[in-house]
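Residue numbering restarts at 1 for every chain, and letters A, B, ... go by the order of the sequence lines. Worth knowing before you read on, the calculation uses all heavy atoms, side chains too, and leaves out hydrogens, waters and symmetry mates. On a predicted model such as this, the values are computed, not experimentally measured, just so you know.
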2 protein chains.
Amino acid sequence: MAAWGERLAGVRGVLLDISGVLYDSGEGGGVPIAGSVEAVARLKRSRLKVRFCTNESQKSRGHLVGLLRHLGYDISEGEVTAPAPAACLILRERGLRPHLLVHDGVRSEFAQVDTSNPNCVVIADAGESFSYQNMNKAFQVLMELENPVLISLGRGRYYKETSGLMLDVGAYTKALEYACGIKAEVVGKPSPEFFKSALQQMGVEAHQAVMIGDDIVGDVGGAQRCGMRALQVRTGKFRPSDERHPEVKADGYVDNLAEAVDLLLQHADK
Amino acid sequence: MAAWGERLAGVRGVLLDISGVLYDSGEGGGVPIAGSVEAVARLKRSRLKVRFCTNESQKSRGHLVGLLRHLGYDISEGEVTAPAPAACLILRERGLRPHLLVHDGVRSEFAQVDTSNPNCVVIADAGESFSYQNMNKAFQVLMELENPVLISLGRGRYYKETSGLMLDVGAYTKALEYACGIKAEVVGKPSPEFFKSALQQMGVEAHQAVMIGDDIVGDVGGAQRCGMRALQVRTGKFRPSDERHPEVKADGYVDNLAEAVDLLLQHADK
């Protein structure tokens, strides 16, 4: 058992990333990561509070949860903090009418949002919908605005599917930022507001919480900047060079969620 | 006549950008910019040396020159400095075998290049070929290399077609740079090597040359950093905010190439 496990003392709540920690997405819905179904079940039977904190922006929460339940996970929509619903709140608060550069799978999350005569662009992980035509349309909308507003659901560089590494929304956000000479507002990890809303929904303070994710920057670095502890799993998009990242050092590295849960159940209560 | 025209004294050679200065590309090949066909002809009848210096990377030089001749321009392939042939020289010198993320229209420029078992990626203005699948393939090639090399033909933000502003290669280069955590090598404007090769081919020193373009950063800023003078035309992708650019100030702003040539013919010999 890792010696740094003692750093988990006093943890009361656990935020779990989904893609790369619970499952790898891909053809046919994806595959669960070995040991993770049982690990989530053990966490939920423990005294620890659990919440799922994802940057998934290609699927609606309903679709995502349906898929995970099909893979054997005990999870419901109400337990998931995701960027699309968070973005909808912001759009409503600020009277923004988005042009949506998103995957069809997440469009239902924006069903109640006015998208006529757009005064901003919302970009999500559009996958195959990141065609030149769709990117160019979003670019043209931004260039026609006096004060262009670009809201990006996450800024991930890539994620892992069963078929290999896949470009994530962050790359395309950078493209639009550069082309328009603007800076996007990020909704999702590593935005502090996003982590804070997940903590609030779980009812746990940052110093009592641990984030478990496969993204050294978005999950680990982001959570640590909010005062949380954070573990990186060696699954999903993890690469060995992450453990020598020049700026971010996780509180611990574990082979998978199962090992993280072993350590948590052993040390959290102390 | 603009008072700053006197700054053109001593000019012996003129580098002309093509897209946005000679013509706007678009459906059916594009349209010439008013007055530019005659302006090029006047320049060529003068004592000034003329060379065309373009970042066009969607079409081969042969195709581009054919199109311009069809629009009425007196131009030949040998007068054009373009990034694809410059990139081919670099690939050969360094033993690089590229994966090509380029438009089919420019592929012929790379006919003599070994593209088997790629050890680098060359990205050009691929237009509609910037699909998610093609971007992702280039990303995966880079991520599999121990020392990923990305060569970008220009780093333009956008250009103007008759139908509106269009995303240029620079945006997609930024996307790959961010996703892979690397920095691209730029072949084309504003790379100093590229301007220098154009000057050399024209046989004129930098301090004796003026660049005329519609891109305040790529044309004007790049040429000035090489010791050249530079004019921006108010055609093509020009936007009024360019005249208040925070970092680059042109030696002069002209309504179009015709006005630039008027000034040049009046002042260059003095």
Side-chain angles (χ1 to χ4, degrees), chain A residues 58 101 103 123 125-144 146 148 150 152 154-161 163-182 184 216-218 237 239-242 244-248, chain B residues 58 101 103 123 125-144 146 148 150 152 154-161 163-182 184 216-218 237 239-242 244-248:
Chain A
Q58 193 173 104
L101 177 50
H103 195 278
I123 182 173
D125 172 20
E128 296 287 343
S129 297
F130 277 133
S131 64
Y132 181 71
Q133 203 181 2
N134 287 348
M135 277 290 284
N136 209 51
K137 175 66 193 166
F139 161 69
Q140 289 175 343
V141 168
L142 287 168
M143 290 297 274
E144 275 159 26
E146 200 172 340
L150 174 60
S152 179
R155 62 182 318 128
R157 293 161 58 196
Y158 54 84
Y159 53 90
K160 193 186 168 196
E161 287 209 342
S163 58
L165 299 182
M166 307 292 282
L167 281 173
D168 198 359
V169 59
Y172 286 90
T173 298
K174 279 285 166 191
L176 290 179
E177 286 182 336
Y178 177 72
C180 302
I182 60 174
I216 186 68
V217 173
K237 79 176 93 174
R239 289 160 68 93
S241 59
D242 292 347
R244 309 181 298 273
H245 193 279
E247 283 148 39
V248 183
Chain B
Q58 192 172 107
L101 176 51
H103 194 278
I123 182 172
D125 172 20
E128 296 286 344
S129 296
F130 277 133
S131 64
Y132 182 72
Q133 203 181 4
N134 288 348
M135 277 290 283
N136 210 49
K137 176 64 191 166
F139 161 69
Q140 289 175 343
V141 167
L142 288 168
M143 290 297 274
E144 274 160 25
E146 199 173 341
L150 174 60
S152 179
R155 61 182 321 127
R157 293 161 58 196
Y158 54 84
Y159 54 90
K160 193 187 168 195
E161 288 211 340
S163 59
L165 299 182
M166 307 293 282
L167 281 173
D168 198 1
V169 59
Y172 285 91
T173 299
K174 279 287 167 189
L176 290 180
E177 286 184 333
Y178 176 73
C180 302
I182 60 174
I216 185 70
V217 173
K237 79 176 96 173
R239 289 159 67 94
S241 59
D242 291 348
R244 308 180 298 274
H245 193 279
E247 283 148 38
V248 183

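In terms of heavy-atom pairs under 4.5 Å with chain B, the best-connected choice from A:Arg239, A:Glu177, A:Met166 is A:Met166. Taking B:Gly127, B:Gly156, B:Ser131 one by one and counting their heavy-atom pairs under 4.5 Å with chain A, the maximum is reached by B:Gly127. Between chain B and the options A:Gln133, A:Lys174, A:Met135, A:Gln140, heavy-atom pairs under 4.5 Å are most frequent for A:Lys174. If you tally non-hydrogen atom pairs under 4.5 Å between each of B:Phe139, B:Tyr178, B:Tyr158 and chain A, the highest count goes to B:Tyr178.
Listed here is the closest heavy atom pair of A:Ala171 and B:Ala175: O-CB, 3.2 Å. In plain terms, the two heavy atoms of A:Asn136 and B:Leu165 that are nearest each other are ND2-O, 3.5 Å.
With a threshold of 4.5 angstrom between heavy atoms, B:Arg155 approaches chain A through its backbone and through its side chain.
Interatomic distance, CZ of B:Arg157 versus CE of A:Met143, reported as 6.0 Å (0.5 Å rounding).
Note: A:Tyr172 and B:Tyr172 have perpendicular aromatic rings, judged against thresholds of 30 and 60 degrees for the angle between ring planes.
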